[in-house]
Amino acid sequence: MKHNQIFRAELDKISVKEKNRYDLMYRVSKNIDMIIKHRGMSQRDFARQMGRTEQEIGRWLGGFHNFTLATIADISFVLGEDILNTHIQYKQTSDILFAAETMSKYTKK
Amino acid sequence: MKNITLKIIEQSENVSLYSICFENDKLSEFEKFIEKFKKDATINNDYKVILTALSKILEDGALERLFRPEGKMSDNVCALSVNSKKLRLYCLRISENILIIGNGGVKSTKSYQEDEELYGYVMDLQAFDNLLQNEINKNNIIIVKNELTNINGKTFTL
């Protein structure tokens, strides 16, 4: 294992909030890729079913696309799976968020 | 004539990130990229996404879907495809386990060929890729999983 000080120092400057955002973006693209591969679909098949171009699908799978809620809903519909919920890490994060939201509700009361 | 060495930047269990380093330069091309853009607020998000993408590559591999081809069909030159509308980081994707990072910059023209600086970075990587492939074909350098063998102290002349 080797590390580069300059690279690590810059990674450390990215806030936890930003890291969380990038992680979610990456996980969504990873989930889509995983599901279409699992189904034996090509990117072309997926593009056709989505009514999008292969270039757009390429951008989606590029790792850090900022999907709209409408697109997430459409992809989940076409793939038959909730693309936000297929990763265990996401479930853990949402549990934390849910717990935080619940706590803040009780605190307000 | 430019003399180049390969410098290891990061290594995980499965992936090695290298960068090219010109003779008499203290920093590799990737480190120069960092120094150039770390304080540029106008492309700050692009910059952070590119660094995050590299950290993900160390975990999951240099997956093809994360890159867009940028050079010719016959070479390994690509750019990190991170939906960045402006900033590009050019690389040589040798395999899922080995990535050689070059320099990059803000793409303000339609193609990199129209920008002298970006064109220079891509040309350097293309020329280096050619030299590296020759060395690999002659078995002077061997790819062993996530490592390039016999590169310590080796100089490539562009």
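So that the names make sense, note that chain A is the first sequence line, chain B the second, and so on, each numbered from 1. All values below were derived from every heavy atom in this structure, side-chain atoms included, with hydrogens, water molecules and symmetry-related copies excluded.
Summarising the local packing, CD of B/Glu114 is surrounded by more than 12 heavy atoms from other residues, nucleotides or ligands at distances under 6.0 Å. Enclosure of atom CE in A/Met41 by more than 12 non-hydrogen atoms of other residues, nucleotides or ligands within 6.0 angstrom is indicated. A 6.0 Å sphere centred on NE2 of A/His3 holds more than 12 heavy atoms belonging to other residues, nucleotides or ligands.
A pairwise comparison of heavy atoms in B/Ser55 and A/Leu11 identifies CB-CD1, 4.0 Å as the closest pair. When every heavy atom of A/Phe7 is checked against every heavy atom of B/Leu58, the shortest pair comes out as CE2-CD1, 4.2 Å. Minimum interatomic distance between A/Ile14 and B/Lys48 (heavy atoms only, all atoms of both residues): CD1-O, 3.8 Å.
Interface remark: B/Leu51 contributes backbone and side-chain atoms alike to the contact with chain A (heavy atom separation under 4.5 Å). Contact annotation for A/Gln5: neither backbone nor side-chain heavy atoms come within less than 4.5 Å of a heavy atom of chain B. Residue B/Glu64 does not touch chain A at all, counting heavy-atom pairs closer than 4.5 Å.
Side-chain N/O atoms of A/Glu18 and B/Asn45 include no donor and acceptor closer than 3.5 Å.
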Evaluate the side-chain contact (heavy atoms from CB on, under 4.5 Å) criterion for residues A/Tyr26 and B/Leu66: first the C-alpha distance (whole Å), next the side-chain angles of each, then the deciding distance (0.1 Å), finally the verdict.
-> CA-CA 10 Å; A/Tyr26 183 76; B/Leu66 302 176; 4.1 Å; yes

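A donor-acceptor pair under 3.5 Å is formed between the side chain of B/Arg65 and the backbone N or O of A/Leu61.
Note on A/Lys2 versus B/Glu10: no salt bridge recorded, every NZ/NE/NH1/NH2 to OD/OE distance being 4.0 Å or above.
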